[in-house]
Amino acid sequence: MRAAAFLYPWDVVGDPDAARRVADLGVQQVTLAAAYHSTRALTPRHPRHRVVTARHSAVLYPPDAARWAGRALRPYPQEWVAGPDPFGEAARALTDAGLEVHSWVVLAHNGRLGAEHPAIAVRNAYGDRYPWAPCIARPEVRAYLCDLAAEAATRPGARGTELESCGWYGLEHLHAHDKITGVPLSGAARYLMSLCFCEVCEAGYDGLGARAADVRGAVVRALEPAWTGAGGSEGGTGGGRAGEWRGVEALLGGELAGLVRGWRDGAARTLRREVVAAVRGAADDGFRILLHADPAAHRCGANVGADPADVLADTDGVVVPCTGDDAARADALRPFAVARTEAAARTEARSSTEAVARTAAVAGTEAAAARAEAVARTEGEACTEGEACTEGEARTGAAGAAPAGCVAANLTIVTAMGGSPGTLAADAAHAAALGADELRLYHAGLAGDGDLAAVRRELATVRREPATARRDLGGARNSAV
């Protein structure tokens, strides 16, 4: 099972042992940050520093001056890693160590951009701006994000990219000295607090037949119980992702919720397709484009909500957050695996139908044409529910067709951040049984030595038993050191 580790350039630049240390983990790829948001990061093994403070969102390479000349929305250069091109320097070291490098590009998450250009930021139903969340429905924001993606994703040395925040961002945000958890909000309430009411979005609601003032009023009324303590956590407290959306419909009404979601889904789909087209236009043949995604289209954030079938059709695959227990992992991975299976079945059905149709055209017989229709019906219905398939069928689609896209399970390997590196092999086997075919490990630069030792040990098991390792649900996690 192919595995990749996330890294920042500052984990590598200035540390001559970093690239070899990551290669020794047993990963084949590094997903290296090229455009990233503000953060404060520990560097537990670096010979020159222990903490790096990235004060604002920035690109970790020299941006093209000609591309951005005269534009209000433009990327910010970084100042906290020595050298003119930290991404390039780190990529060369990692490549020399035998690792494949893919860029890691954060798009619609930029607090400095929204602070300096408040008109572009998401504005909630109360009029509050979210500077970290540029509104992706705005044409100027989409133009900026497309050019940023094309430039940041295709850095020299990168053989693919993983796009984070390529969609709506909302209320939730890891903010300095955060103080927003005093009132508990359900997933449905957080969604309503993430809706945008800038002039572009208001015009969008109006265009779909819902007056923006009415939508805003409905959102404010629906949220009122949260502020009074009369039921703010109701709506979307159970049933996972589907339960969240039922909660939205209960709070907002089914018709209005559908109209709002229609506007937001359309904006997200437009951005995703424009960004992917921009990257493909700038990249060489064979360049892989993956999206950090969540299978619930209403969700916001780093792992953007997207319809599984749509995103797999638009990209080369997805990176799926797999935190939490087995049920949470299944809830996240299975919709993408099922969508891929169905796409593969449709592709095989079309191929079979075309082959029989060609035979019919040559033979000129009604019987051959009838066989074409039968094949289309049979293959199109094959394995559409996912659960009825064998594991092999769920991974490859009907009649052994090639997968429609990569599904990478993103597992946290930092114990102090809630990860479980000691059960990585078992977790990888569980993810594979759910349809994942690659792993992403968050985050090799942040993990302590003990966590990295566990990753080395566990990945050796994954390599040794790629098809037979299976999870001991009762003992694997408890027996880990």
Side-chain angles (χ1 to χ4, degrees), residues 1-3 162 167 187 236 238-247 265 290-348 380-398 400-412 420 423-442 462 466-467 469-473 476-477:
M1 203 175 185
R2 180 182 176 88
E162 295 180 12
R241 291 163 171 82
E244 286 179 358
W245 184 248
R246 287 193 297 269
D265 285 359
L290 271 61
L291 192 81
H292 287 225
D294 188 284
H298 68 276
R299 284 196 169 181
C300 309
N303 303 291
V304 295
D307 176 82
D310 280 354
V311 71
L312 288 173
D314 293 339
T315 67
D316 297 311
V318 289
V319 178
V320 185
C322 289
T323 56
D325 60 14
D326 296 325
R329 188 179 299 125
D331 194 38
L333 285 173
R334 186 172 286 124
F336 289 109
V338 170
R340 183 174 61 180
T341 296
E342 293 174 348
R346 287 192 296 271
T347 299
E348 181 67 14
E381 293 166 0
C383 206
T384 56
E385 295 301 320
E387 292 293 339
C389 306
T390 67
E391 180 186 340
E393 290 168 340
R395 303 268 318 268
T396 62
C406 164
V407 177
N410 189 1
L411 302 172
T412 303
S420 181
T423 61
L424 179 58
D427 292 340
H430 184 232
L434 293 165
D437 43 24
E438 295 191 11
L439 298 177
R440 294 297 180 271
L441 308 180
Y442 187 90
V462 172
R470 288 295 178 265
R471 156 161 276 213
D472 174 1
L473 294 176
R477 197 177 297 275

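For the atom pair CD (E342) and CG (L312), the distance works out to 11.0 Å, reported to the nearest 0.5 Å. Note that CG of L291 is 9.0 Å distant from CG of D314, once rounded to the nearest 0.5 Å. With values rounded to the nearest 0.5 angstrom, E244 atom CD is found 4.0 Å from H298 atom NE2. Rounded to the nearest 0.5 Å, atoms OG1 (T315) and CD (E162) are 11.0 Å apart.
In plain terms, the two heavy atoms of S420 and D427 that are nearest each other are O-OD2, 4.1 Å. Scanning both residues, V462 and A425, for their nearest heavy atoms gives CG2-CA, 3.7 Å. Nearest heavy-atom pair across M1 and A432 is CE-CB, 4.0 Å. Counting all heavy atoms, side chain and backbone alike, A431 lies closest to A409 at CB-CB, 3.8 Å. Heavy atoms only, all atoms of each residue included: R340 and G435 are closest at NH2-O, 2.6 Å. The shortest heavy-atom contact between V320 and A332 is CG1-O, 3.5 Å.
Side-chain atoms of D437 come within 3.5 Å of backbone atoms of V407 as a donor-acceptor pair (strictly under, hydrogens ignored). A donor-acceptor pair is defined here as one N or O able to donate and one able to accept, closer than 3.5 Å; no such pair exists between the side chain of R2 and the backbone of E438.
When the side-chain hydrogen bond (donor to acceptor under 3.5 Å, both in side chains) test is applied to D294, the partners found at least two apart in sequence or on another chain are R241, R299. Remark: D265 pairs with R261 by the side-chain hydrogen bond (donor to acceptor under 3.5 Å, both in side chains) rule, at least two apart or across chains.
Tested against Y442, the residues N410, V319, T323 include a single side-chain contact (heavy atoms from CB on, under 4.5 Å) partner, N410.
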Considering only distance and modelled atom types, tabulate donor-acceptor pairs under 3.5 Å from the side chains of residues 300-311, sequence neighbours left out.
{"unit_1": "D307", "atom_1": "OD2", "unit_2": "A309", "atom_2": "N", "d": "3.2"}
{"unit_1": "D307", "atom_1": "OD2", "unit_2": "D310", "atom_2": "N", "d": "3.0"}
{"unit_1": "D310", "atom_1": "OD2", "unit_2": "R269", "atom_2": "NE", "d": "3.3"}

